[in-house]
There are 2 protein chains.
Amino acid sequence: MSLDTKEAILRASEKLFSQQGFKETSLRSITAEAGVNLAAVNYHFGSKDALIDALLAHRLRPMNRDRLQRLEALRAAHPDGAIPLDKLIRAFVAPALDLSRNTQQGGAVFVRLLGRTYIEPSAKIQDALRELYDPVIQRFRPAFAAALPELPEGELYWRLHFVVGLLAYLMSGSDMMRLIASSRLNEARDSEQLIERLIAFASAGMLAPLGAAPTSEEHTE
Amino acid sequence: MSLDTKEAILRASEKLFSQQGFKETSLRSITAEAGVNLAAVNYHFGSKDALIDALLAHRLRPMNRDRLQRLEALRAAHPDGAIPLDKLIRAFVAPALDLSRNTQQGGAVFVRLLGRTYIEPSAKIQDALRELYDPVIQRFRPAFAAALPELPEGELYWRLHFVVGLLAYLMSGSDMMRLIASSRLNEARDSEQLIERLIAFASAGMLAPLGAAPTSEEHTE
DNA sequence: GTCTATAGTCAGATAGAC
DNA sequence: GTCTATCTGACTATAGAC
């Protein structure tokens, strides 16, 4: 029936994990959604945890490869070492959000899953993530430092943090969006515009003046 | 023994929920931590879900009251209607992060819990949140619109979104932080400085130029 | 490789003694 | 109000027939 049992499980689990979370999604619901037998997950992957690991690696590795390729391309295009900030941010952010346009690869489903992993407290998932992310951070950080030479190291750390947080929140997405949704708003969730908005916001934030916050002594009152 | 069974349950559940998540925390672990009987939760709160609701309301109501009070104070201090952007952001952001300094009230424990609720997909939690947040958003939005008169409505929506995301991510906190933590970094997680950094970043982001992202045709390659 | 059947665990909730 | 004891249900995982 289905192309492949293993593939069907990956597809179904991606969908359900992203909708409900890891702990909340049972192997029963996954195998039902995939149209395969309950025992198939343990046969093909060994355990639920191993399934999660496989799923993350399956998607994150190509995404991070994309990020590093874009960074290399930028390096080549700017041999003087001065890569414009917005291009750097785009290289980091676009591969993640681009997945939502690639419907063939699971599309928006995986983007939500990815956002979810950023937040998940499970130690196992955190470990898997760290291993997948560390090389990327290690390469992007000096590029950002070069693009923002006047920013102290501590500040750079936090501002990178803010960008990652922004990305994670957007990808885990639309739950919180509904909270604010008293506004009708054209459903402009097309990722094309979203990426541009995110880059504009993040670039401005990264470039924020340093001792700037006017502190406004007390909040009146 | 303990002050009050009900209070002990609230305290313990706040701690465990924030550390492990809602689904991952069992009533058994809560009652063990609180030093009370397993049946006490159901006796005092009725169910696990009702406990979560009570916990959220217990903390969010005062926080949102604080937000609205600060907004009113700003309105009074700026009768012309032009509240500076950074003060607006502070009024929205500080009551959340301030809780981490108020150790008497549960301190950082609740901040993480709060960050977690922003992300939790459970429909019940989302509903409880919407009810608590709606009045706040409804009041802050026009103030932001007045502070950024040139920003189209759609843009304002997204940028507010980004600020909320930033806040949520920071509060759900430090899990992702460890991912990037190849940097040693002075453990400057003192919320005082964090608030200032967040306000600076968010203010700059809200003020980002409009059609600005230079689009950089393709990413080279 | 795929299935059924089931073992073993742990969850939330409740009845009823104190 | 608090406790013990227990019910009921859901889960992961596995053994073993096909």
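Within every chain, numbering begins at 1; the chains are lettered A, B, ... in the order of the sequence lines, protein sequences first and strands thereafter.
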Separation of [X] atom [atom1] from [N] atom [atom2], in whole Å?
X	N	atom1	atom2	answer
B:Arg28	D:dT4	CZ	P	13 Å
A:Leu27	C:dT9	CG	P	18 Å
B:Asn37	C:dG12	CG	P	14 Å
B:Asp49	C:dG12	CG	C1'	10 Å
B:Ile9	D:dT2	CD1	P	8 Å
B:Glu24	C:dC10	CD	P	16 Å
B:Asp4	D:dT2	CG	C1'	13 Å
B:Phe22	C:dG12	CZ	P	14 Å

Are A:Ser26 and D:dA10 close enough that a side-chain N or O sits under 4.0 Å from OP1 or OP2?
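A:Ser26 to D:dA10 OP1/OP2: no side-chain N or O under 4.0 Å.
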Counting just side-chain N and O atoms, does B:Ser47 come under 4.0 Å of either OP1 or OP2 of C:dG12?
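No, because none of the side-chain N or O atoms of B:Ser47 sits under 4.0 Å from OP1 or OP2 of C:dG12.
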CZ of A:Arg61: more than 12 outside heavy atoms within 6.0 angstrom?
no
Between A:Arg90 and A:Glu196 (salt bridge meaning N to carboxylate O under 4.0 Å), is one present in this structure?
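Result for this pair is yes, salt bridge flagged.
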Tell me whether B:Lys6 forms a cation-pi arrangement with B:Phe45, defined as NZ or CZ under 6.0 Å from the six-membered ring centre and within 45 degrees of its axis.
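Geometry flag: set, cation within 6.0 Å and 45°.
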If you check every side-chain atom of A:Ala39, which of D:dT14, C:dT2, D:dC3 has the closest atom?
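Given the options D:dT14, C:dT2, D:dC3, the side chain of A:Ala39 is closest to D:dT14.
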Should the pair B:Phe140 and B:Phe144 be assigned to parallel (<30°), tilted (30 to 60°) or perpendicular (>60°) ring geometry?
tilted
Look at the aromatic rings of A:Phe162 and B:Phe201 and report parallel, tilted or perpendicular, splitting at 30° and 60°.
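A:Phe162 vs B:Phe201 ring planes: perpendicular.
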Both A:Tyr43 and A:Leu38 contact DNA chain C. Which one's nearest nucleotide lies toward the 5' end?
A:Tyr43
What does B:Thr25 touch in the nucleic acid at a heavy-atom separation under 4.0 angstrom: a base, only the sugar-phosphate, or nothing?
sugar-phosphate
Indicate, with a heavy-atom threshold strictly under 4.0 Å, whether B:Ala40 touches base, sugar-phosphate, or nothing.
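Contact class for B:Ala40: none.
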